[in-house]
2 protein chains.
Amino acid sequence: MSKIQHRNLYREVADRILDLIEQGELASGDRIPERELCERFGVSRTPLREALKVLASEGSVELLPNRGARVRQLTLKMVKDTYDLMGALEGLAGELACQHITDEEIADIRELHENLLGHYRNRELPDYFQVNRQIHEGILAASHNEALLEMYSNLSQRVKRVRYSKQMTDAFWQQAVEDHEAMIEALKQRDGRRLGQILRDHLSNKLEVASMDDVVDDRQRA
Amino acid sequence: MSKIQHRNLYREVADRILDLIEQGELASGDRIPERELCERFGVSRTPLREALKVLASEGSVELLPNRGARVRQLTLKMVKDTYDLMGALEGLAGELACQHITDEEIADIRELHENLLGHYRNRELPDYFQVNRQIHEGILAASHNEALLEMYSNLSQRVKRVRYSKQMTDAFWQQAVEDHEAMIEALKQRDGRRLGQILRDHLSNKLEVASMDDVVDDRQRA
DNA sequence: GGAATGAATTTTGAATTCATAATAACTTTG
DNA sequence: CAAAGTTATTATGAATTCAAAATTCATTCC
């Protein structure tokens, strides 16, 4: 039996709105129709409006006074800025992880890394992506810094709707795997400075393969 | 004539609650009395509760389902974690600033630095603190990374209620001024890596002089 | 035909109301 | 008198209501 959901209604609504945005049902710049979503979710306007306010403070939604909420437009600059930030946070996470990581956590990550290599050899891209994410989450978690985790997941939520191009070239992929090899090595040696550096650079590669759907160029803002 | 502020009521309320927290009128861990604040601010519960939800997502307030809001307790670990994060962000800001800063911005910061030195020589601590803050804000702004600014100011808001000990020793003070000298030098040479490093270390010094009033040790959590 | 003006409609912002959960106060009983 | 149970009170969560602002639509006038 699943755990009793004592969550707040507004958070539930917020998450469902985020889903709609991620799924693209609410597109970048779209107006968010209060009444319609209320009917759809079967809630009154009160929790829905609370959700919108929280989403605005989280950066996914824009609130125009007396003119409702809309899905925040992502500009190319915003995405780049966000990636810079995430890179810095991953870098810090790497440094902290090397200080605080437990043997158990290190073993878990190494196991994930083995899986990663397997998926790379078999050219199983979706599986590779999933394990890749798990490894990065593992390092973040190993930093044992709650505020860092929170901030990272907020940033990552903001750019979730950016779709990555499927044409991840072999060269990119190989580079990524080499990065991961180096990460594990640095982690093993608990070389925080180095792990931090690798993680920073690693992320900037990821940006290069991002195909910026839904992302508007800075000059043509709505 | 100043621009008409068409701000949302909930944001107004949120800021006033933050003031109460900062002023210590609402202490760490205190329950936040809805009805009382409504009367005090002359608003209904709707905008007040919206404000609380936003403050919760910003990390200043804690929401217990069916049991109201309270001022989030700061543990020593949380403050340390937050300072680590702010250090990383300042470091990134330094790197980015060296890439993007304009000549005008650099001139402004150098002027502030001259003021800082003056206040140091005259032992004007409050003025020194103010100019110090302006310099750091200047570097942050010179990064030209909106998301970074937003995150940093959120973090800084969270730890605003931590009071710094007045007994800033001469040694600390001198070290801080030397750091600032090095910063300006790195900025002038646009040596991002170096400026980043200085900023990171600089902040960790600040933490050492923080006397942790209102901060609860991790073991004795409420 | 098109811009401008002024209702009618819709949408938003905020107060109020209502139902339910939590807390406090009061019995009752051992 | 203390512990357990019961009722009263208060606080919270969410729906509803009401007022103000924005938008739409029709009409007038050039």
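These values consider heavy atoms only, across backbone and side chains, with no hydrogens, waters or symmetry-generated copies. Below, read A as the first sequence line, B as the second, and so on, with proteins coming before strands; counting in each chain starts at 1.
Look at CD1 on A:Ile32: it is 14 Å from C1' on C:dT12, rounded to the nearest Å. What separates OH of A:Tyr10 from C1' of D:dA15 is a distance of 19 Å, to the nearest Å. In this structure, A:Arg35 places its CZ atom 13 Å from P of D:dA15, rounding to the nearest Å. In this structure, B:Arg11 atom CZ and C:dA14 atom P are separated by 14 Å, rounded to whole Å. Going from atom CD of A:Glu34 over to atom P of D:dA15 covers 13 Å, rounded to whole Å. Remark: P of C:dT12 and CG of A:Leu37 are 11 Å apart, rounded to the nearest angstrom. As rounded to whole Å, 14 Å separates atom C1' of D:dT10 from atom CD of B:Glu39. Atom CG in B:Asn66 sits about 19 Å away from atom P in D:dT10, given to the nearest Å.
A close approach under 4.0 Å does occur between a side-chain nitrogen or oxygen of A:Arg67 and OP1 or OP2 of D:dT23.
Among all heavy-atom pairs drawn from A:Ile139 and A:Ala97, the shortest one is O-CB, 3.9 Å.
Contacts with DNA chain D (heavy atom under 4.0 Å) in residues 41-50 of chain B: B:Arg45, B:Arg49, listed by number.
With the nearest nucleotide of DNA chain D identified for both A:Arg31 and A:Leu9, A:Leu9 has the one nearer the 5' end.
Residue A:Gln99 places its CD atom among more than 12 non-hydrogen atoms of other residues, nucleotides or ligands, all under 6.0 Å distant.
The CD1 atom of A:Ile106 sits 12.0 Å away from the CD atom of A:Glu104 when rounded to the nearest 0.5 Å.
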Which pairs would a plain distance check flag for residues 13-22 of chain A, meaning a side-chain donor or acceptor within less than 3.5 Å of a matching protein atom at least two apart in sequence or in another chain?
from: A:Asp15; atom 1: OD1; to: A:Arg11; atom 2: NE; distance (Å): 3.4
from: A:Asp15; atom 1: OD1; to: A:Arg11; atom 2: NH2; distance (Å): 3.1
from: A:Asp15; atom 1: OD2; to: A:Arg7; atom 2: NH2; distance (Å): 3.0

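Inter-residue side-chain proximity for B:Val71 and B:Arg161 is flagged as met; some heavy-atom pair is nearer than 4.5 Å.
Between A:His202 and A:His136, the ring planes lie parallel to each other; the angle is under 30°, not in the 30° to 60° tilted range.
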